[in-house]
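Take a look at the structure below.
Order of appearance sets the numbers: ligands from 1, and atoms from 1 within every ligand. Count residues from 1 along the sequence. Bear in mind that the values here come from a model prediction, so they are computed numbers and not experimental data.
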Amino acid sequence: MSLPHNVRLVEVGPRDGLQNEKQPISVADKVRLVDDLSAAGLGYIEVGSFVSPKWVPQMAGSAEVFAQIQQRAGVTYAALTPNLQGFEAALAAGVKEVAVFAAGSEAFSQKNLNCSISDSLTRFVPVMAAAQQHGVRVRGYVSCVLGCPYQGEVAAAQVAAVAKELFAMGCYEVSLGDTIGTGTAGNTRNLFEVVGRDIPRPQLAGHFHDTYGQALANIYASLLEGISVFDSSVAGLGGCPYAKGASGNVASEDVLYLLNGLGIHTGIDLDKLITAGQGICAVLGRANGSRVARARLA
Ligand code: HMG
Ligand code: MG
C-alpha cells in the first residue's frame with residue numbers, strides 16, 4: 001500500500017502527557033502549553049480530562065484550562081470523559097469534542113475505570129446520546145491493544161471486538177492505544193489488518209507509547225497499513241497512571257520529523273513545536289524526551 005499524502009497528528013501532551021505528573025502544574029502553565037501547540041499548527045489538541053480528581057488529580061483543573069486557552073478557528077480542542085458525569089462537566093466547560101476510553105483487556109479496564117469492559121461500554125451509551133443531542137463529536141480509545149501490564153498478551157480479535165462496539169455506538173474514529181509500548185512493527189501491522197476488517201482504515205488511529213523504543217517503527221508499520229492519524233505527545237511527555245512503568249507517548253517532534261522526511265503533509269511547524277516542548281520541559285524541570293528536539297537544540 002502507498003503512503004498517505006496527509007497525516008493528522010492528535011497532540012495528547014496536555015492530557016496524556018501531564019496526567020501522570022505528581023508535581024503541581026499551574027493552570028497558566030497548561031494554558032501556555034496548549035497555546036504554544038496551537039501556534040505550532042497542530043489541528044487537534046487533547047487539552048484535559050473530566051475524570052474523577054481522586055483517580056487523576058492532575059486533570060482536576062481542566063475546566064479552567066478550557067476557559068483560558070485561545071481557541072483558534074479550525075483547531076479541535078478535546079477532552080476525555082469516562083462517563084455521563086464527566087461529559088456534563090465537559091459540556092459546561094464549553095468542550096466541543098470528547099473521547100471515551102475502553103480497554104482491550106479486562107484487567108486494565110478494572111484498574112483504569114473500575115469496571116468491566118462491557119460495563120464501560122454500557123456507560124458510554126448515555127454519553128453518546130448526550131453528545132449527539134449537543135452536536136459534540138466523540139472519539140473512542142481502546143487501551144492495551146498490544147499488551148497489558150496486568151494480564152500480558154491481548155488478542156487482536158478482542159481489541160477488534162471492543163473497537164467495533166465503539167465505532168457502532170457512534171465514535172467517528174477509534175484510536176488503538178499501545179499503552180505500555182510493548183508492540184512491535186509486526187504485531188502492529190497484524191492488529192490493523194484484523195481491526196481494519198470491521199472499521200474502515202481512515203477511521204482508525206494509532207496511539208503509541210514509546211516505553212520499548214518501538215513507537216516510530218510502529219507508526220511506519222501503521223502507515224503501510226493505510227493508517228493516517230497518530231496520537232503523540234510534545235517532548236514525549238507522559239504515561240498512564242494505571243500502567244506502572246509505561247513511559248510517555250512517542251514525541252510529536254520525532255513523528256513530525258519522520259513524516260517530513262517521507263514528504264507527508266501535516267501543517268505543523270517543527271521549530272515552533274520544539275519551542276512548545278522546551279517550554280513545558282522548563283516548567284517540569286525535565287530533559288526533553290524528543291530526540292529530534294535534543295539534536296536540534298544541541
Ligand atoms: P468510581 O470510583 O467507580 O466512580 O470511578 P463512581 O461512579 O463510583 O463515583 C465515585 C466518586 O467519583 C463520586 O464522588 C463521583 O461523583 C466521582 P464522591 O461522591 O465519592 O465524592 N466521579 C467523578 N468526578 C469527576 N468527574 C467524573 C466522575 N465520575 C465519578 N467524570 C471513574 C470510576 C470512571 C470515575 C474513575 O475510574 C476514573 O475517573 N477513571 C479515569 C482514569 C483515567 O483518567 N485514566 C487515564 C486516562 S486513560 C489513558 O491514559 C489511556 C489512553 O491514553 C490510551 C492508551 O494509552 O492506551 C487514553
Ligand atoms: Mg495513552
- Tell me, please: is Pro53 in heavy-atom contact with ligand 1, that is, under 4.0 Å?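 Pro53: in contact with ligand 1 (<4.0 Å).
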- Message: Tell me whether Met59 reaches ligand 1 (any heavy atom closer than 4.0 angstrom to a ligand atom).
- Response: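 No, Met59 has no heavy atoms under 4.0 Å from ligand 1.
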- Message: Checking contacts here: is it the side chain or the backbone of Arg123 that comes within 4.0 Å of ligand 1, counting heavy atoms only? Could be both or neither.
- Response: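 Side chain only.
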- Query: Applying a 4.0 Å heavy-atom criterion (strictly less than), which segment of Thr81 is in contact with ligand 1: side chain, backbone, both, or neither?
  - Reply: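 For Thr81, no heavy atom sits under 4.0 Å from ligand 1.
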Would you say the side-chain atoms of [X] and [Y] include a donor-acceptor pair closer than 3.5 Å?
{"X": "Asn20", "Y": "Gln58", "answer": "no"}
{"X": "Tyr77", "Y": "Glu46", "answer": "no"}
{"X": "Asn249", "Y": "Ser232", "answer": "no"}
{"X": "Ser38", "Y": "Asp35", "answer": "no"}

- Looking at the rings of His207 and Phe230, which for Trp means the six-membered one, are their centres under 6.0 Å apart?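 Centroid separation for His207 and Phe230: 6.0 Å or greater.
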Does a side-chain N-to-carboxylate-O contact under 4.0 Å join [X] and [Y]?
{"X": "Glu21", "Y": "Arg286", "result": "yes"}
{"X": "Arg139", "Y": "Glu97", "result": "no"}
{"X": "Glu253", "Y": "Arg294", "result": "no"}

- Identity of the N, O or S atom of Asp16 lying closest to the Mg ion (ligand 2):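 For Asp16, the N/O/S atom sitting closest to the Mg ion (ligand 2) is OD2.
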Distance filter under 4.0 Å to [X] heavy atoms, resulting ligand 1 atoms:
{"X": "Ser143", "value": "51 (C), 54 (C), 55 (C), 57 (O)"}
{"X": "Lys54", "value": "18 (P), 20 (O), 21 (O)"}
{"X": "Phe50", "value": "26 (N), 27 (C), 31 (N)"}
{"X": "Gly177", "value": "57 (O)"}
{"X": "Asn83", "value": "27 (C), 28 (C), 29 (N), 30 (C), 31 (N), 35 (C)"}

- Query: To the nearest 0.5 Å, how far apart are CG in Asp210 and OG in Ser247?
  - Reply: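 Answer rounded to 0.5 Å: 6.0 Å.
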Considering only heavy atoms, which of [options] lies nearest to [atom]?
{"atom": "atom 42 (C) of ligand 1", "options": "Val51, Asn112, Asp178", "value": "Asn112"}
{"atom": "atom 22 (N) of ligand 1", "options": "Gln85, Arg15, Gln19", "value": "Gln85"}
{"atom": "atom 33 (C) of ligand 1", "options": "Leu84, Val56, Asp16, Leu113", "value": "Leu113"}

